[in-house]
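Computed from heavy atoms alone, side chains included, the values below leave out hydrogens, waters and symmetry copies.
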2 protein chains.
Amino acid sequence: MSANEQFDGVSVIKKANVYFDGKCVSHAVVFPDGTRKTLGVILPSELDFNTGSPEIMEVLAGRCTVQLAGSEVVTEYGAGQSFSVPAESRFHIVTLEALHYVCHYG
Amino acid sequence: MSANEQFDGVSVIKKANVYFDGKCVSHAVVFPDGTRKTLGVILPSELDFNTGSPEIMEVLAGRCTVQLAGSEVVTEYGAGQSFSVPAESRFHIVTLEALHYVCHYG
């Protein structure tokens, strides 16, 4: 499996994070330098997420449309694409198929 | 976070495994010796799982009842408990709340 498909030399938290009655499930990964990312799936749904830290959502598979708080623009993202969300903000996401992602913080 | 709550020095596959329309979502973890485990969640549901390799399902959180193929016995399991399933078999599981687990193979 290529380096692009996995993270090596990391810690992974055993218990998942379950949001929105399971429409979003993620596992947290901690890197040797203390950096934390989450790997997750958003099932087909329409959800509003709030951010604490700034987030970069990297789409691994699936498709979604995203509208950032305060914006009229709805943008579609697919595999290999990313979108950024400011700290203390929110975004509206519509997933038509299971969306696999890596969330990068800070 | 204690060693009991995370796996250290592992590789984790970024893309999740999604089964039963998302009622079961897991991430695969690979240890330095090549051992593979999955970390997952089963949302409240009633499902039948098939095994390839023998499996030990370690319950991290939540509760379930399990009936192994060919058995009349239904057993309840909660956090800290495990159950074993033979290779090339199946089990019927009922989860009344989100079940967090580690699946050990082989």
Using non-hydrogen atoms only, which part of V10(A) is less than 4.5 Å away from chain B: side chain, backbone, both, or neither?
both

Please look at V102(A) and chain B and tell me whether the side chain, the backbone, both or neither of the residue comes under 4.5 angstrom of a heavy atom of that chain.
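The answer is the side chain of V102(A).
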
If one checks every heavy atom of V18(B) against chain A at 4.5 Å, the contacting part turns out to be side chain

Give a yes or no answer on whether the side chain of S84(B) reaches the backbone of I56(B) with a donor-acceptor pair at less than 3.5 Å.
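Looks like no, no N/O pair under 3.5 Å.
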
Taking the six-membered ring where the residue is Trp, are the ring centres of F49(A) and F20(A) under 6.0 Å apart?
yes

Which heavy atom of H27(B) sits nearest a heavy atom of H27(A), and at what distance?
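Distance-wise, the nearest heavy atoms are ND1-ND1, 3.0 Å.
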
Pick out which of I93(B), T95(B), I42(B) makes a side-chain contact (heavy atoms from CB on, under 4.5 Å) with Y101(B).
I42(B)

